[in-house]
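To start, the structure itself, in structure tokens.
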Amino acid sequence: MLDLFSSGIMSLWLDMAGVRSAAPNAVSVLAWRGGIPGLVVAEDLAFGGIDAANPDLPAEAAVREYLKDLKAKHLIDGNQGIWVQAGMQPLVSQQGTVLMPGASLTKIATSLASLETWGADYQFETRFRGTGPIRNGVLQGDLVVSGGGDPLFVWEEAIAVGNALNQMGIDRVAGNLVVTGNFRMNYQSDPVAAGEGLRQALDSRSWPRDVQAMYSKMAPGTKKPQVTIAGSAIADKFASSGHLLLKRRSLPLAEILKQMNVHSDNDIAQILADNLGGHKIVQQQATWAAGVPAAELQLINGSGLGVENRMSPRAACGMMQAIARNLQTTPLTIADLFPVSGRDKGTVEHRHIPRSAVVKTGTLDTVIALAGAIPTRDRGLVWFAIINRGTDWDSLRAQQDIFLQKLVQQWGTASTLPLAITPHIDGARPALGAANRSDILLGG
């Protein structure tokens with residue numbers, strides 16, 4: 001095990017954490033038996049309700065004060081979970097290894113499993129084929145759409161496809177619109193309903209008001225497609241004939257995940273989980289990649305809807321660190337996949353989380369959760385997860401923000417933003433891709 005550290009893994013972890021510290025002692029090395037590479041497992045030695053081996057005294061005091069304030073304000077109901085660590089070193093834990101409803105912290109697991117499976121640059125592909133020749137502007141046959149799992153194929157995408165078909169000289173389809181593969185339109189999973197939405201979008205002469213309103217926000221000069229389909233939208237799992245007309249590539253996975261996490265979009269998360277093979281695959285991939293014990297992550301879906309999605313605060317931190325680790329071989333950082341306080345809108349827009357913190361929020365029924373990383377002067381990147389149980393959402397969020405602010409006050413504000421959380425992707429733009437792209441490939 002000591003050879004593992006000397007092989008450079010220790011250096012890699014400390015660089016990712018944004019802090020250099022002394023090499024681990026024998027106890028820390030043995031703590032790897034807990035199964036979390038890069039995460040030293042604190043023994044659950046209880047004192048005053050806070051569990052940790054050799055806790056960081058300022059962090060312990062901050063947690064005690066935080067829990068005291070919650071109780072005084074009658075904000076807590078049931079278990080309250082907290083885990084804080086700096087790089088590889090656990091600082092303090094309050095029921096940090098206990099399973100709790102994680103709400104949208106579940107999207108951390110979905111993000112990690114997606115990255116492990118496809119990679120940050122992966123693009124889902126939707127193909128369009130014709131089953132007949134094109135004569136005098138008419139496709140003599142069916143238009144077949146073969147879905148590739150794009151979770152963000154929305155009105156803008158369909159409009160771009162319609163304009164591309166017009167450019168190819170197609171303004172009418174004599175046959176049907178045949179839907180095959182994994183195609184969703186505006187998150188609609190029913191293939192016939194998705195096909196009807198696509199059919200409507202292809203012909204601007206039949207646009208309802210909501211499409212007209214969306215079109216008005218697209219880039220100036222965007223044309224309005226006019227492709228009439230004579231037949232119906234039908235589903236055929238085995239349709240494979242026809243010649244390739246064009247294919248549409250999605251935004252890169254990293255940008256899809258950014259939009260999903262900034263807005264905590266349940267539809268995108270569930271589509272990604274379905275593409276991966278379901279919640280069990282997400283759970284397996286995430287626990288394996290993060291080294292999280294299987295007992296500390298239990299999912300029923302990929303979005304976090306439902307209190308049956310449960311995780312420990314320690315597992316949330318482990319998965320966030322695993323994502324940062326995954327991205328080390330790319331030009332991206334974890335800030336390119338999650339909202340950044342003071343920069344992005346969405347779920348963090350009106351909060352007072354310390355500036356430049358990279359976080360994921362979670363809200364569901366009596367659950368208010370927050371996990372991520374904050375840059376500090378003395379401790380480098382501090383990773384944390386907070387899972388509160390209570391009904392006063394606004395007050396619980398405010399108390400979480402104050403708790404993190406106090407940690408930064410104790411450890412100081414980082415003079416420069418660590419490279420590990422320097423963002424590159426703009427999370428402020430709408431979660432719609434076609435207006436920002438021109439990646440339709442004609443004829444394959």
Inset, instruction - Quick one: list whatever passes side chain to side chain contact (heavy atoms under 4.5 Å, CB included) with A373, sequence neighbours left out. - result: L381, W383

Inset, instruction - Determine whether the side chains of S111 and K360 contain a donor N or O and an acceptor N or O closer than 3.5 Å. - result: no

Inset, instruction - State which residues pass side chain to side chain contact (heavy atoms under 4.5 Å, CB included) with T391; sequence neighbours excluded, sorted by chain then number. - result: T366

Inset, instruction - Evaluate the criterion ring-ring contact (aromatic ring centres under 6.0 Å, His included) for residue pair F384 and W83; output intermediate values, then yes/no. - result: CA-CA 5 Å; F384 69 90; W83 180 273; over 10 Å; no

Inset, instruction - With sequence neighbours left out, write down each residue that passes side chain to side chain contact (heavy atoms under 4.5 Å, CB included) with A254, or none if nothing qualifies. - result: A120, L332, L337, I425

Legend entry - Side chain proximity check, L276 to D274, heavy atoms < 4.5 angstrom: no

Inset, instruction - Spell out, as yes or no, whether a donor-acceptor pair under 3.5 Å connects the side chain of D401 to the backbone of A398. - result: no

Inset, instruction - With sequence neighbours excluded, tell me which residues meet salt bridge (charged side-chain N to carboxylate O under 4.0 Å, His left out) with R205. - result: D203

Legend entry - Option passing side chain to side chain donor-acceptor pair (under 3.5 Å) with S146 (candidates R127, R129, E125): R129

Legend entry - More than 12 heavy atoms of other groups within 6.0 Å of D236 CG: yes

Legend entry - Test salt bridge (charged side-chain N to carboxylate O under 4.0 Å, His left out) applied to E255 and K258, step by step: CA-CA 5 Å; E255 295 201 43; K258 180 73 172 183; over 6 Å; no

Inset, instruction - Mind checking side chain to side chain contact (heavy atoms under 4.5 Å, CB included) for D210 and listing every partner two or more places apart, or none if nothing turns up? - result: W155, P208

Legend entry - Residue pairs passing the ring pair (Phe, Tyr, Trp, His ring centres under 6.0 Å) test where at least one lies in residues 337-372, sequence neighbours excluded: none

Inset, instruction - If the plane angle is over 60° it's perpendicular, under 30° parallel, otherwise tilted; pick one for F124 and W118. - result: perpendicular

